[in-house]
Amino acid sequence: MNWLIKGARIIDPSQHIDDKMDILIEDGKIVKLGHNLSPSKKRGMEIMELAGLVVTPGLVDMHTHLREPGFEYKETIKTGSEAACAGGFTGIACMANTNPVNDTRSVTEFILRKAAETNLVNVYPIAAITMQSQGKSLAEFWDLKEAGAIALSDDGKPVMDSAVMRRALEYADSLGLPIISHCEDTCLSSGGAMNEGFPSTELGLPGIPGIAEDIMVARDLLLAEYTRSSIHIAHVSTAGSVRLIRDAKNRGIKVTAETAPHYFTLTDDDLRTYNVNAKVYPPLRGKDDVEAIKEGLRDGTIDAIASDHAPHALTDKEVEFEYAASGMIGLETSLALSLRLVSADVLTLNQLIEKMSTHPARILRIPGGSLLPGAPADLTIIDLQHSWTVDRETIRSLSKNTPFLGWDLTGKAVLTMKDGVVTFDELHN
Amino acid sequence: MILERKDILGIKELSKDEILLILDTADSFIEISTREIKKVPTLRGKTIINLFYEASTRTRTSFEIAGKRLSADTINISASTSSVVKGETLLDTARNLEAMNPDVIVIRHSAAGAPHMLAGMVKQSIINAGDGAHEHPTQALLDMMTIRAKKGHIENLNIAIVGDIAHSRVARSNIYGLKKMGAQVTVAGPATMIPRDIEQMGVAVHSSLDEAIKEVDVIMMLRIQLERQHQTIFPSIREYGQRFCLSKKNISLAKKDVLVMHPGPINRGVEISSDIADGPYSVILNQVTNGVAVRMALLYLLTGGKA
């Protein structure tokens, strides 16, 4: 719990720091950043030499599915937490589409209790916007907030009724609860299995047009503008959404947005082999969309990178493509896939950490994302040169559904620390 | 020559030479079906399973007859797709069948890609007998065989495919095959039945039947699935028939010696009028006859036969 971290390159976007510095940690909190610090007199103070490595504020994944309660065969809060630590995360926000749906205090409390039992990562429950995420009647936002929910989302489903969404935005804003919108016009997307385009035409699979997302993004931006509330757009996947969000930001609408690594790494061409592990909602889009997502990340239109970690067991996936569950795990590959943006000069390392730590914490209004003195000692230690292969055997998530199996990646979290306690260590093991 | 592949999943993967090999082999098998004793011992001791997850009369019967004329043991399994949701998965079914050591599994399935999934999981040869809106390779092969038999060649022919292109596996397989063989292909149908970016497959697109069939050598009419009316992809059967029914009124726009084809089953008076379906241009029943020969050829080649 008491550490002197020496010799590392410290990146803290919240303080505009990118420098070789030392960090002094006492009682699980950051005490001081500085050059050539000496260990304090605290009992049990240990020195950690990290020359050649990068230390950042603990990564925060603002979009994770932990599947518990209800789908423990896919993932549990414990296995999800283990995967998160291995991926360098110290905080994760988990979506409400469990069974039962997290639309009541008791479910939120259950999640927090389970997370505390494991205590590897800060788990922040996101509660449902509507009861059972049916899109009809609002959940008890205030009570959920009191219980510990930090945001609201019917993720997995859109709130199709514009009047319900309007009321949700107004009510949530007054409580300071962010609304995270899953943007999908289900009338346009219904029955679809992949992005609509030339690949879907060739594969004979029912398509989901990009406008199914764009139209709902446009609606939600208008609603946010009208109600003067803030909104966060989840898993942006299309060029159209990026354009709409960029314009909205320029016009002063309080919008933030996230994308996931697969939306800037893969395209619908990667479904050519009917690879069920690449089946995801929103679906992998075309090359132009991927370029637009990268541009949106570069120019700040997209604030955050979230994994949209969506575990599914083999039995959910090993079926005909159209019947296969949608989603892929991402906690353990998110950082390495995002680091490819740094090597491709899309983002600086500083900007990347901003999008994977500082911004998500700020959007969700949760602690973390900063190494300011007094902050919890939540740290991610990254080896930028570490080459590794995504291997089914070493994945900690209970489910192994990722299209990146067998990929050679560079860069990895080698040590993760929460409240000054090491939660993952590949450096010394 | 031998066919060096384990499975026939689609025309897309086949080379022109492979298509020619299959068509030549099929030509040589056509005679067997005209004999008094319509059976040769070629595939004696081989087992062929027809695994049909979708209703089919023509294709399933055709595969069965093809196998039997070559003396293979053929077994038909009609499974309901609903069992995918409830009960045994396709993969488990396939593994069970695999354990009984058949030589070829013929599969039809409403889900695109189902045969590809099987092919990667079992050691037997898989023949795709139609997967969703993806491919129907044996249909395209029998269509090409029919065209070649009637016209002597496929190269440089102008061919129109008309109907619900978006939902048609027959259209996709034929586009791949006919393009490989050097034909020019036009597709036509209501705009709602033309899938996105189909031009990238190298075809011309028309939304008028008259435009599409002008001076063509071959017209392939596709079956309209009447239930799609409820998905609002077209206003009514009546209006479809008025715009896209091939009849005496419009057939004269095509070349004089045009071939009219249809994969069946036909909706008389909807996509094709009876006088055309039963008339002199129609080769619809030749297609069915050739279907048996093409499937014999594939079963023969996939089990190691030499052409």
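Here the structure is a predicted model, which is why all the values come from computation and not from measurement. Each chain gets a letter, A, B and so on, in the order the sequences are listed, and its residues count up from 1.
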Worksheet entry | Contacting region of B:M201 [heavy-atom separation from chain A under 4.5 Å] | both
Worksheet item: Quick one: what part of B:R172 sits under 4.5 Å from any heavy atom of chain A, side chain, backbone, both or neither?
Response: side chain
Worksheet entry | Residues in ring-ring contact (aromatic ring centres under 6.0 Å, His included) contact with A:H182, at least two apart in sequence or another chain | A:H235
Response to the item:
Taking a cut-off of under 4.5 angstrom between non-hydrogen atoms, the residues of residues 267-285 of chain A near chain B are A:R272, A:Y274
Worksheet item: Taking every heavy-atom pair that is under 4.5 Å apart, which of A:G197, A:A193, A:G207 has the most such pairs with chain B?
Response: A:G197
Fill in: Backbone of A:V319 reached by a side-chain donor or acceptor of B:T89 within 3.5 Å
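A pair under 3.5 Å: no.
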Item to complete: For residues A:G204 and B:A112, report the shortest heavy-atom separation together with the two atoms involved.
Response: O-CB, 3.8 Å
Worksheet entry | Smallest separation among heavy atoms of A:E320 and B:A111, with atom names |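 Looking at all heavy atoms of both residues, the closest pair is CB-CB, 3.6 Å.
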Distance from [X] atom [atom1] to [Y] atom [atom2], nearest 0.5 Å?
{"X": "A:T201", "Y": "B:I165", "atom1": "OG1", "atom2": "CD1", "result": "11.5 Å"}
{"X": "A:T315", "Y": "B:D92", "atom1": "OG1", "atom2": "CG", "result": "10.5 Å"}
{"X": "B:K12", "Y": "A:E202", "atom1": "NZ", "atom2": "CD", "result": "4.0 Å"}
{"X": "B:I198", "Y": "A:F198", "atom1": "CD1", "atom2": "CZ", "result": "8.0 Å"}

Take atom [atom1] in [X]; do more than 12 heavy atoms of anything else shown fall under 6.0 Å from it?
{"X": "B:K16", "atom1": "NZ", "value": "yes"}
{"X": "A:K287", "atom1": "NZ", "value": "no"}
{"X": "A:Q132", "atom1": "CD", "value": "no"}
{"X": "A:D161", "atom1": "CG", "value": "yes"}

Worksheet entry | Verdict with supporting geometry, B:M121 and A:E318, side chain to side chain contact (heavy atoms under 4.5 Å, CB included) | CA-CA 11 Å; B:M121 300 282 186; A:E318 220 177 39; 3.8 Å; yes
Practice prompt. For chain A, find which of B:E199, B:R169, B:M117 contributes the most heavy-atom pairs closer than 4.5 angstrom.
Written response: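 When all of B:E199, B:R169, B:M117 are compared, B:M117 has the most.
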